[in-house]
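Residues take their numbers from the sequence shown, with the count starting at 1. The model shown is predicted, which means the values in this text are computed figures rather than measured ones. All values below come from the heavy atoms of this structure, side chains included, with hydrogens, waters and symmetry mates left out.
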Amino acid sequence: MPVALSSFFVGLTMGGKGRGAVDLLRGDVKRTYFKYLGAAFGSAMLAAVYSLVDMAMVGQYQGPDGAAALAVVAPVWNILYSLGMLTGMGGSVLYSAYRGQGRVREANRVFTVALGTTVVIACLVWAGLVVWEVPLIRLFGGEGELIPLARAYLYPVKFCVPLFLLNQMLAAFLRNDGRPALATGAVVAGGVFNIFGDYYLVFVADLGILGAGIATCLGAGIAVLLMATHFLSRRNTLRLVGGGPVFPTVGKIGVTGFSAFFVDIAMGILTILFNRQIMAWLGTDALAVYGVLVNVSTLVQCCGYSVGQAAQPILSQNHGARQGARILGVLRYALYTAAAFGVGWTVVLLLFPQPLITLFMVPTDQVLAIAPGILRTYGLSFLLLPFNVFSTYYFQAVLRPGSAFGVSVARGLVVSGGLILALPTLFGGQALWWAMPITEGVVALGAAALMAHSVRRLRAGKY
């Protein structure tokens, strides 16, 4: 690695020599938010590098079948990351709320329980993936020659399941412990390795889709090791604390983190439904195009994550300290950012559908013919997607889990799932691509109404 690039990573992970942790209760709101946004955006977007680079490399190496196989295994990533978000976001929101109230021991008890719960869940998922690999691939929409390709990709992943959960959980707590740059730097390092590792293992070593899986696992391992250096730092305030009831704390973490968990797990559920409906109504070429959409949608969703993850630590601590004016200031900047992301990504899909397809695979003439219409229709959903994702983080951060639950379940299952199943039956297979634009519009109306009610309460001094 060149010296300049090495220095960049060191500076980023250390967060600047001599500087203390960010003061979330008294620091300038705008400056603090955009500092956290830069770190969260880098972390969230580079987490998406794993699947994006895999899709591009495998699609170029093995064509539409490789892209379709990665669409089949996409729900595996949604499951792994969502479970890491469950304990990471649920635990870190409570951690920051307790810190805002000055209850340091209770905050560290939450961290301890969240870490233990993550390890237990990782072991259970690990066993499930090993035992039920082929039935899961079939459930996710895999058929025929896509099954051996999917199995080849998942082979190394089966040995590294805990790394992916720990990535999400540790990154959430590091952001709430005043070290957002370290979380970002760790993911940057893992992502950069994954890019070069993918190229070497897929093409130079001629391992194809298996090489992509190996590179992804190694990148995740690097990220976890770098984040673990926080616990050797004098700036670390996270401590393992014993005592007290465990299961009630697990329950609080689960309730608080459920909506962030469901945002990601719902993407996996929707991918399964889309995969099965596409194969039933439209065929493998359409599934290959959807494989590209899954990855672009992951990027857009990561933009929503970055807004939520930047705002959440500031919102949570200030909610605990009853600083309503600071909460409303952060909310204003977050809404502007979500709107900018939504408009930007929608324009990209409308103007550049064919370049996106050729980036991720060597397409056939049939794929090139159907891709622009599919990408432009589905891409309309990106206009409101970042706002809807952010809204769940906002409601979690201000301890309104019921509102967060309602938004995430409506978007991730009730409205979207119903439309995915109903539209092709009522209007034909091509209507399937309108399911998500309609879903995001309906959910945005509800989320905006709930957010307006929350703002009125904050202005009235009700927390």
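Every residue was checked against the side-chain hydrogen bond (donor to acceptor under 3.5 Å, both in side chains) condition with T256, not counting sequence neighbours, and none meets it. Shown here are the side-chain hydrogen bond (donor to acceptor under 3.5 Å, both in side chains) partners of T237, two or more places apart in sequence or in another chain: Y95, R99, D177. Listed by chain and residue number, V289, L293, L349, P353, L356, I357 satisfy the side-chain contact (heavy atoms from CB on, under 4.5 Å) test with L375 (two or more places apart in sequence, or in another chain). For the side-chain hydrogen bond (donor to acceptor under 3.5 Å, both in side chains) test, residues two or more places apart in sequence or in another chain that qualify with Y61 are D206. Residues forming a side-chain contact (heavy atoms from CB on, under 4.5 Å) with I420 (at least two apart in sequence, or on another chain): L270, L273, F274, Q277, L432, A435. Looking at residues two or more places apart in sequence or on another chain, you find no side-chain contact (heavy atoms from CB on, under 4.5 Å) involving A280.
With respect to N388, the side chain to side chain donor-acceptor pair (under 3.5 Å) criterion is satisfied by exactly one of Q301, E440, R411: E440. None of F34, Y33, F341 except one satisfies the ring-ring contact (aromatic ring centres under 6.0 Å, His included) rule with F41; the exception is F341.
By the 30° and 60° cut-offs, the orientation of the rings of F203 relative to Y199 is tilted.
L129 is not listed as a side-chain neighbour of L80, based on a closest heavy-atom distance of 4.5 Å or more. By the 4.5 Å heavy-atom criterion applied to side chains, V307 and Y393 are not counted as neighbours.
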Any chance you could lay out the side chain to side chain donor-acceptor pair (under 3.5 Å) test for S408 and T392, step after step, and finish with the verdict? CA-CA 7 Å; S408 61; T392 62; over 6 Å; no
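A donor-acceptor pair is defined here as one N or O able to donate and one able to accept, closer than 3.5 Å; such a pair exists between the side chain of N108 and the backbone of R239. Although no hydrogens or angles enter the test, the distance criterion places a donor-acceptor pair under 3.5 Å between the side chain of T358 and the main chain of P355. Looking only at distances, no side-chain donor or acceptor of N194 sits under 3.5 Å from a matching main-chain atom of G219. Looking only at distances, a side-chain donor or acceptor of T346 sits under 3.5 Å from a matching main-chain atom of L383.
The two residues P64 and T364 come nearest to each other via the heavy atoms CG-CG2, 4.1 Å. In terms of heavy atoms, P156 sits closest to L210 at CD-CD1, 3.7 Å. Considering all non-hydrogen atoms of both residues, Q396 and F258 come closest at NE2-N, 4.2 Å. Nearest heavy atom pair, residue L182 against residue M227, reads CD2-O, 4.1 Å. When all heavy atoms of A150 and A69 are compared, the pair lying nearest together is N-CB, 4.2 Å. R138 and I147 make their closest contact through NH1-CD1, 3.4 Å (heavy atoms, listed as atom of the first residue, atom of the second, distance).
Taking the centre of each ring, F164 and W77 come in below the 6.0 Å mark.
To the nearest 0.5 Å, atoms OG (S92) and CD (Q168) are separated by 11.0 Å.
Checking T87 against T118 by side-chain atom types alone, a donor-acceptor pair falls below 3.5 Å.
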